Amino acid sequence: MTGAPMERRHSLVPDFDTWFGREFPGLPGWRPATAAHSIPVEVTSGGGCSVLRAELPGMDPDDITLTVDDDLITVRAEHSGSTEDRDHSEFRYGVFRRTVRFPDTIPADAVEASYADGILTVRVPTPARETRSARTIPVRRADEGDGGDRS
């Protein structure tokens with residue numbers, strides 16, 4: 001006899017990894033139809049603005065939506081696949097979405113976006129910091145004659 005020694009199974013239930021391979025049930029590339037693909041991003045700061053760069057190769061700028069809401073920027077894009085049959089494809093089709101939180105409220109009217117060579121570049125001006133002053137507030141003892149409420 002040659003080959004691996006015989007294994008003894010203690011269960012009557014078959015081993016799914018043996019039947020379907022190691023990827024079961026994770027099935028590579030499988031996503032629910034409603035799920036959006038994540039967009040790779042990088043954010044840099046300096047020179048009075050932050051720059052958000054999002055990797056969106058093969059997109060048409062008309063298919064990209066940029067939304068500013070308080071301190072959040074959401075990039076959304078949709079890439080539709082053609083109807084031709086393919087023997088093999090590793091392209092991603094569908095909805096792509098990513099939301100990035102910034103440290104301060106974003107001045108929506110001053111945000112600029114451009115798209116070139118598969119990269120969306122969003123320039124967000126850094127708002128002027130509010131000057132905050134800290135001070136200690138003295139707490140005085142309430143006298144009985146003040147008529148203060150002691151509830």
Side-chain angles (χ1 to χ4, degrees), residues 9-83 86 88-151:
R9 295 206 183 263
H10 298 287
S11 172
L12 297 176
V13 178
D15 182 4
F16 286 112
D17 283 343
T18 302
W19 276 11
F20 297 105
R22 304 201 70 204
E23 296 296 334
F24 187 82
L27 301 177
W30 180 84
R31 303 174 58 78
T34 58
H37 298 285
S38 183
I39 300 170
V41 298
E42 67 181 19
V43 179
T44 57
S45 298
C49 75
S50 295
V51 177
L52 166 72
R53 292 172 29 110
E55 192 176 76
L56 292 164
M59 293 289 177
D60 185 319
D62 293 336
D63 295 332
I64 300 171
T65 304
L66 190 64
T67 307
V68 176
D69 183 13
D70 195 33
D71 63 344
L72 301 173
I73 288 185
T74 300
V75 178
R76 184 184 184 283
E78 188 164 352
H79 191 207
S80 303
S82 65
T83 56
R86 296 174 191 84
H88 176 78
S89 177
E90 295 180 6
F91 290 1
R92 288 186 170 183
Y93 298 101
V95 176
F96 298 78
R97 183 175 39 244
R98 183 71 180 266
T99 299
V100 178
R101 181 179 303 276
F102 282 76
D104 296 304
T105 299
I106 299 166
D109 295 337
V111 174
E112 298 175 354
S114 61
Y115 180 80
D117 299 327
I119 303 292
L120 173 69
T121 302
V122 182
R123 296 189 191 309
V124 180
T126 305
R129 294 264 183 203
E130 293 179 14
T131 56
R132 295 182 182 171
S133 60
R135 71 177 202 148
T136 303
I137 308 298
V139 177
R140 63 181 178 86
R141 185 178 306 273
D143 294 338
E144 290 187 37
D146 287 346
D149 188 299
R150 295 187 178 210
S151 50

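The first residue of the sequence shown is numbered 1, and numbering continues consecutively from there. Since we're looking at a predicted model, the values are computed, not measured.
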Close side-chain approach of [X] to [Y], heavy-atom, < 4.5 Å:
| X | Y | result |
| --- | --- | --- |
| Leu56 | Val75 | yes |
| Glu55 | Ile119 | yes |
| Asp63 | His79 | no |

Look up atom [atom1] in [X] and atom [atom2] in [Y], then write down how far apart they are to the nearest 0.5 Å.
| X | Y | atom1 | atom2 | value |
| --- | --- | --- | --- | --- |
| Leu66 | Glu112 | CG | CD | 11.5 Å |
| Arg123 | Ser50 | CZ | OG | 11.0 Å |
| Ile106 | Ile73 | CD1 | CD1 | 4.0 Å |
| Glu78 | Phe96 | CD | CZ | 9.5 Å |

**Message:** Any side-chain to backbone donor/acceptor pair from Tyr115 onto Met59? Under 3.5 Å, distance only.
**Reply:** yes

**Message:** Atom CG of residue position Asp109 - does it have more than 12 heavy atoms of other residues, nucleotides or ligands inside 6.0 Å?
**Reply:** no

**Neighbour count >12 (heavy atoms, 6.0 Å) for atom CZ, Arg86** = yes

**Complete:** Sorted by chain and number, sequence neighbours left out, side-chain contact (heavy atoms from CB on, under 4.5 Å) with Val43 holds for Leu52, Val100, Phe102

**Message:** Less than 4.0 angstrom from a charged side-chain N to a carboxylate O is my criterion; do Arg53 and Glu42 meet it?
**Reply:** yes

**Asked** side-chain hydrogen bond (donor to acceptor under 3.5 Å, both in side chains) with Asp69: which residues, sequence neighbours excluded?
**Response** none

**Request:** Kindly indicate, with the supporting measurements, whether the criterion side chain to side chain donor-acceptor pair (under 3.5 Å) is fulfilled by Thr105 and Asp71.
**Result:** CA-CA 4 Å; Thr105 299; Asp71 63 344; over 6 Å; no

